Amino acid sequence: EAQVTQNPRYLITVTGKKLTVTCSQNMNHEYMSWYRQDPGLGLRQIYYSMNVEVTDKGDVPEGYKVSRKEKRNFPLILESPSPNQTSLYFCASSLTRGLGQPQHFGDGTRLSIL
Amino acid sequence: ILNVEQSPQSLHVQEGDSTNFTCSFPSSNFYALHWYRWETAKSPEALFVMTLNGDEKKKGRISATLNTKEGYSYLYIKGSQPEDSATYLCASHSGTYKYIFGTGTRLKVLA
């Protein structure tokens with residue numbers, strides 16, 4: 001089954017404790033992206049990747065890191081999480097950036113930083 | 001940063017009613033306009049991707065139009081059903097690799 005898989009689905013942790021949210025897709029998609037969803041603000045893009053080893057900042061990259069060593073994986077790293085990073089996070093992928101390709105979303109990861 | 005706006009924010013309609021929502025986006029550097037349907041406790045699912053001025057797309061009872069010159073898209077639902085209840089998101093994709101999402105229109109269809 002074609003899908004985008006995020007782990008964990010839920011995480012409660014404390015300020016400053018490094019964490020990684022994994023994202024994997026099995027559709028051979030080139031484009032991958034991370035978003036955060038906060039009430040009243042809509043989905044905001046954190047980082048995106050056009051292909052292996054090619055990443056760039058979205059609109060809210062502060063406090064996050066990403067890597068794209070393999071085509072299928074695009075982990076989101078919070079080196080020193082803070083309470084303002086408490087949010088619902090989505091990973092998404094699309095075949096390419098061009099030709100008007102739709103994004104496929106993972107099920108989301110709800111992070112609570114205490 | 002591009003500004004994508006959706007209206008109304010929320011909407012209650014009776015089963016069988018037809019309804020429509022608006023997505024406004026900056027028309028400069030336009031590349032594509034995406035519509036997604038987002039049900040509670042699920043992830044957003046793509047409805048349409050529209051790229052050409054005057055585009056009209058249809059999927060069952062749901063259709064969408066696009067005006068890139070004036071920077072708006074309409075989503076229409078004909079004969080709304082309770083299962084249409086969801087948040088409908090639009091996202092503008094400009095000449096960069098970024099996406100800008102609106103805050104969505106929350107639709108509730110009352111049986």
Side-chain angles (χ1 to χ4, degrees), chain A residues 1-7 9-10 23 25 27 29-51 54-61 66 68 74 87-110, chain B residues 1-10 21 23-26 29-53 55-57 59 62 64 66 68 73 86-106:
Chain A
E1 182 190 348
Q3 58 186 4
V4 178
T5 303
Q6 294 178 228
N7 278 297
R9 294 289 312 281
Y10 304 91
C23 175
Q25 49 90 8
M27 296 170 279
H29 284 175
E30 289 185 352
Y31 185 91
M32 296 186 75
S33 183
W34 276 103
Y35 297 91
R36 60 179 288 174
Q37 163 69 35
D38 301 293
L41 292 179
L43 286 167
R44 291 183 294 167
Q45 196 167 29
I46 303 171
Y47 269 95
Y48 57 92
S49 169
M50 290 75 78
N51 215 324
V54 184
T55 63
D56 207 348
K57 297 177 181 178
D59 290 324
V60 288
V66 292
R68 187 92 182 272
F74 190 45
S87 189
L88 176 61
Y89 291 85
F90 285 102
C91 179
S93 72
S94 62
L95 185 59
T96 65
R97 169 254 177 186
L99 301 176
Q101 296 294 321
Q103 292 187 87
H104 300 257
F105 284 83
D107 288 335
T109 296
R110 189 167 291 281
Chain B
I1 298 177
L2 298 174
N3 196 24
V4 176
E5 297 181 355
Q6 292 187 246
S7 61
Q9 270 192 319
S10 66
F21 331 128
C23 173
S24 301
F25 54 90
N29 295 320
F30 174 83
Y31 188 85
L33 192 284
H34 293 225
W35 280 102
Y36 293 88
R37 182 171 179 273
W38 189 7
E39 289 182 74
T40 303
K42 295 187 177 181
S43 55
E45 290 183 354
L47 286 171
F48 306 113
V49 179
M50 309 175 80
T51 56
L52 299 175
N53 185 45
D55 245 355
E56 288 190 32
K57 297 217 171 177
K59 185 182 288 188
I62 305 177
L66 179 69
T68 61
S73 176
T87 296
Y88 292 83
L89 300 171
C90 68
S92 176
H93 187 183
S94 72
T96 69
Y97 288 89
K98 293 183 180 181
Y99 287 87
I100 305 293
F101 278 80
T103 53
T105 292
R106 189 178 297 113

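Computation of the quantities below employed the complete heavy-atom set of this structure, encompassing side-chain atoms and omitting hydrogens, waters and symmetry-equivalent molecules. Lettering of chains follows the sequences in order, A, B, ..., and the numbering in each one begins at 1. Just so it is clear, the structure is predicted and the values come from calculations on it, not from any experiment.
Closest non-hydrogen pair, Q45(A) versus K98(B), comes out as OE1-CA, 3.3 Å.
Heavy-atom distances place no part of L33(B) under 4.5 Å from chain A, backbone and side chain included. Residue F48(B) does not touch chain A at all, counting heavy-atom pairs closer than 4.5 Å. For chain A, the nearby part of K42(B) is the backbone; its heavy atoms alone come within less than 4.5 Å.
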(request) Evaluate the criterion ring pair (Phe, Tyr, Trp, His ring centres under 6.0 Å) for residue pair Y48(A) and Y99(B); output intermediate values, then yes/no. (result) CA-CA 10 Å; Y48(A) 57 92; Y99(B) 287 87; 8.6 Å; no
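Contact of the L43(A) side chain with the L89(B) side chain is registered, since non-hydrogen atoms from C-beta on lie closer than 4.5 Å. A heavy-atom distance below 4.5 Å is found between the side chains of Q103(A) and Y36(B). For the pair W38(B)/F105(A), no side-chain contact is recorded, criterion being any heavy-atom separation below 4.5 Å from C-beta on. Side chains of S43(B) and F90(A) form a contact here, defined as non-hydrogen atoms less than 4.5 Å apart. Taking the side chain as every heavy atom from C-beta outward, I100(B) and D59(A) approach each other to under 4.5 Å. Between V49(B) and Q101(A), every side-chain heavy-atom pair lies at or beyond the 4.5 Å cut-off.
Surrounding CZ of R110(A) are at most 12 heavy atoms belonging to other residues, nucleotides or ligands under 6.0 Å away. The local environment of CD in Q9(B) is sparse, with at most 12 non-hydrogen atoms from other residues, nucleotides or ligands closer than 6.0 Å.
Note: Q37(A) leads Q37(A), R44(A), H104(A), K57(A) in heavy-atom pairs under 4.5 Å with chain B. Chain A forms the most heavy-atom pairs under 4.5 Å with one residue out of A46(B), P44(B), A41(B), A32(B), and that residue is P44(B). With chain B as partner, the option from G42(A), G108(A), S33(A), P102(A) having the largest number of non-hydrogen pairs under 4.5 angstrom is P102(A).
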